[in-house]
Amino acid sequence: MEWQLTPAQEAEVERQLVWIRRGVAEIVPEQELVEKIRMSVATGKPLRVKLGMDPTAADIHLGHTVVLHKVRQFQELGHRAHLVIGNFTGRIGDPTDKSETRKQLSAEEVAENAKTYVRQVYKVLDPAKTEIVYNADWLAPLDFADVIRLASTVTVARMLEREDFTKRFRDNRPIHIHEFFYPLMQAYDSVHLETDVELGGTDQKFNLLMGRTLQREFGQPMQIAVMMPLLEGLDGVHKMSKSLGNYIGIDEAPNDMFGKLMSIPDSLLFKYYDLLSLREAADIERMRQAVDAGQMNPRDAKMELAKELVTRFLGEEAAVEAVDHWHKVFQAGALPEDMEEVTVPGEPIWIVKLLTDLGLANSNSEARRAIAEGSGRLNGEKVLDVDLQYEPHDGDVLQRGKRQFRRLRV
RNA sequence: GGAGGGGUACCAAAGUGGCCAAAUGGGGCGGACUGUAAAUCCGUUGCGGAAUGCUUCGUAGGUUCGAAUCCUACCCCCUCCA
């Protein structure tokens with residue numbers, strides 16, 4: 001279908017495309033997106049944009065925000081966003097990128113996680129422009145005949161095209177039937193919401209395309225898949241995820257967020273900039289060149305980024321303090337000012353047990369080892385005596401390694 | 001339903017009667033060097049106030065002075081056949 005647009009409308013289409021394309025990894029199929037935008041501009045009808053999130057983990061991290069920011073941009077362009085909370089799908093567990101079956105969550109866990117999600121999502125999305133929906137509302141009422149109908153639209157061979165299924169099948173690892181339903185359910189979300197554009201990470205490609213298949217099956221126009229690159233976590237290798245423990249949560253304490261950002265590998269620095277920073281693209285490019293040319297210490301570029309993100313998520317004041325804290329503690333080697341405080345009895349206690357009790361070690365054996373390795377410190381002094389009986393004084397600082405501190409209160 | 005292969009620590013993978021709390025690699029933790037980066041090197045990686053102690057090699061029993069290793073039953077995974 002061709003739309004005759006005025007020059008002003010053509011310009012608007014172009015403006016939107018520039019925004020939408022920024023930072024994306026892939027748009028499938030790109031030409032259809034252009035047509036949809038043209039249609040939207042011509043008719044004044046906003047596109048229906050969908051992002052699904054499974055409340056499998058309770059906290060949103062920077063990895064999630066990449067795609068959330070893209071949703072935000074669509075909102076800013078006047079389109080309509082549906083945030084689908086997968087309170088039904090979450091109970092199945094998306095097998096994407098998992099080497100094995102994911103455990104199924106209870107309804108209570110999912111509900112609890114969803115609540116936290118919504119609150120955190122609003123740090124990125126505009127609450128006024130966000131429509132939050134729960135997929136159990138339409139998935140739960142489906143009866144077995146409906147489910148069979150969904151299942152009959154896809155062949156096993158097609159399902160096995162998905163990379164993780166292929167891999168598991170090849171490696172003789174189990175694939176459960178219910179896992180096949182995950183893509184179908186996600187696709188059905190799009191049918192139900194009559195989605196025009198679905199967002200997701202590149203790892204979601206199969207699921208996003210399944211939405212197209214199913215929409216066609218239901219006689220609807222097919223959605224466009226807009227995929228964002230995956231953000232690697234602190235280890236610099238694996239995608240940021242809670243289960244891998246390499247994530248930066250947007251709800252974290254300012255010092256932690258700042259510190260974690262400072263510790264990302266240099267190789268990731270500009271990817272983080274590209275996907276998370278709101279700076280002008282040209283600005284980032286200039287910095288990249290300065291670092292490459294050796295005119296700028298990567299550390300300083302990293303600090304700029306850390307400052308920007310802490311400011312965005314936790315406020316300017318928090319950011320200023322975090323910078324200050326970082327300088328003192330890590331550059332000057334001082335003790336942090338506000339560390340976790342714990343109240344302990346004033347009687348002598350075995351140092352190993354104290355370390356364990358305060359959560360600085362997982363077991364007495366581990367605490368004992370830590371001390372033997374010379375990573376235990378009391379008020380900055382190395383403690384090497386494993387049998388030390390120590391009488392706590394108010395204000396003493398117990399430390400394990402470079403980063404874990406506890407201030408003792410008697 | 002039939003035949004065969006397999007289940008070892010966070011992961012991968014050795015070990016097939018004592019020398020095994022279990023090689024090796026990865027990961028984690030800690031240390032050195034730095035910029036809380038990378039690379040590299042070193043230590044450590046079940047519990048235990050530590051003992052010739054306790055628990056751990058899918059689960060439960062059994063044989064044995066002694067079992068991850070042998071036997072029995074069960075559970076689970078995979079392959080081929082139906």
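Computed from a predicted model, the values in this text were never measured in an experiment. A note on names: the letters A, B, ... follow the listed sequences, proteins ahead of strands, and every chain is numbered from 1.
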In whole Å, measure the gap between the P atoms of rA14(B) and rG61(B) for me. 29 Å
* Asked: Base, sugar-phosphate alone, or nothing: which one does P298(A) contact when heavy atoms must sit under 4.0 Å apart?
  -> base
* Same-atom distance (P) from rG2(B) to rC70(B), integer angstrom -> 25 Å
* To do: Considering only atom C1', compute the distance from rG30(B) to rC77(B) and round it to an integer number of Å.
  => 38 Å
From the candidates rG30(B), rA38(B), rG49(B), the one with an atom nearest any side-chain atom of R368(A) is rG49(B)
Out of rA37(B), rG30(B), rU36(B), minimum distance to the side chain of F330(A) belongs to rU36(B)
Testing rU36(B), rA38(B), rG30(B) for proximity to the side chain of Q404(A), the answer is rG30(B)
Taking the P atom in each of rG62(B) and rG17(B), what is the distance between them to the nearest angstrom? 23 Å
Check: protein-nucleotides 44-47 of chain B nitrogen or oxygen pairs below 3.5 Å:
from    : atom 1 : to      : atom 2 : distance (Å)
rU44(B) : O4'    : E373(A) : OE2    : 3.2
rU44(B) : O2'    : E373(A) : OE2    : 3.4
rC47(B) : OP1    : S363(A) : OG     : 2.7
rC47(B) : OP2    : R369(A) : NH2    : 2.6

Quiz item: C1' atom, rG5(B) versus rU56(B): distance in rounded Å?
Solution: 26 Å
Report task. Would you kindly check if the NZ (Lys) or CZ (Arg) of R48(A) is within the cone defined by 45 degrees around the ring axis of F74(A) and under 6.0 Å from the six-membered ring centre? Result -> no
Checklist line | Nearest-Å distance once atom P is located in both rC10(B) and rC29(B) | finding: 16 Å
Using the C1' atom on both, measure rA68(B) against rC19(B) and round to a whole Å.
16 Å
